[in-house]
Amino acid sequence: MAKIDLEALSIEELASLRDSATEKLAEKVAARQAELEAELEKLSQYGKPARKSLIAPPVAKARKSDDKKTDEPKEPVAKAA
């Protein structure tokens, strides 16, 4: 690709270049998205995709400062269903 001397371009030419680049980028994004959706459709025949809701949320770790404050035994944290 040829280099463009941006310093030599006028404001109108720069704006036009920006618009052209934005349009081309949008076209490429749409084409790639269509490719990925087609690939996903092919892969979906092999099974259901994993649901995010089935993944257990991360368990919060107890802070060291919390352990030192009380001598009472702590109740275990209930696990997510």
> Using links of under 4.5 Å between side-chain heavy atoms of ILVMFWY residues, direct or through other members, which residues join L9 in one cluster?
Replying inline: I4, L6, L14, L17

> Rounded to the nearest 0.5 Å, what separation is found between the OG atom of S44 and the CD atom of E37?
Replying inline: 12.0 Å

> Does I11 CD1 have over 12 foreign heavy atoms under 6.0 Å away?
Replying inline: no

>> Does E7, at its CD atom, have more than 12 non-hydrogen atoms belonging to other residues, nucleotides or ligands within less than 6.0 Å?
In response: no

> Under the side-chain hydrogen bond (donor to acceptor under 3.5 Å, both in side chains) rule, what pairs show up with a residue in residues 13-24, not counting sequence neighbours?
Replying inline: S10-E13

> Who are the salt bridge (charged side-chain N to carboxylate O under 4.0 Å, His left out) partners of E35, not counting sequence neighbours?
Replying inline: R32

> Under the side chain to side chain donor-acceptor pair (under 3.5 Å) test, which residues partner E41, sequence neighbours left out?
Replying inline: none

> Which ILVMFWY residues can you reach from V29 by hopping between side chains whose heavy atoms are under 4.5 Å apart?
Replying inline: L25

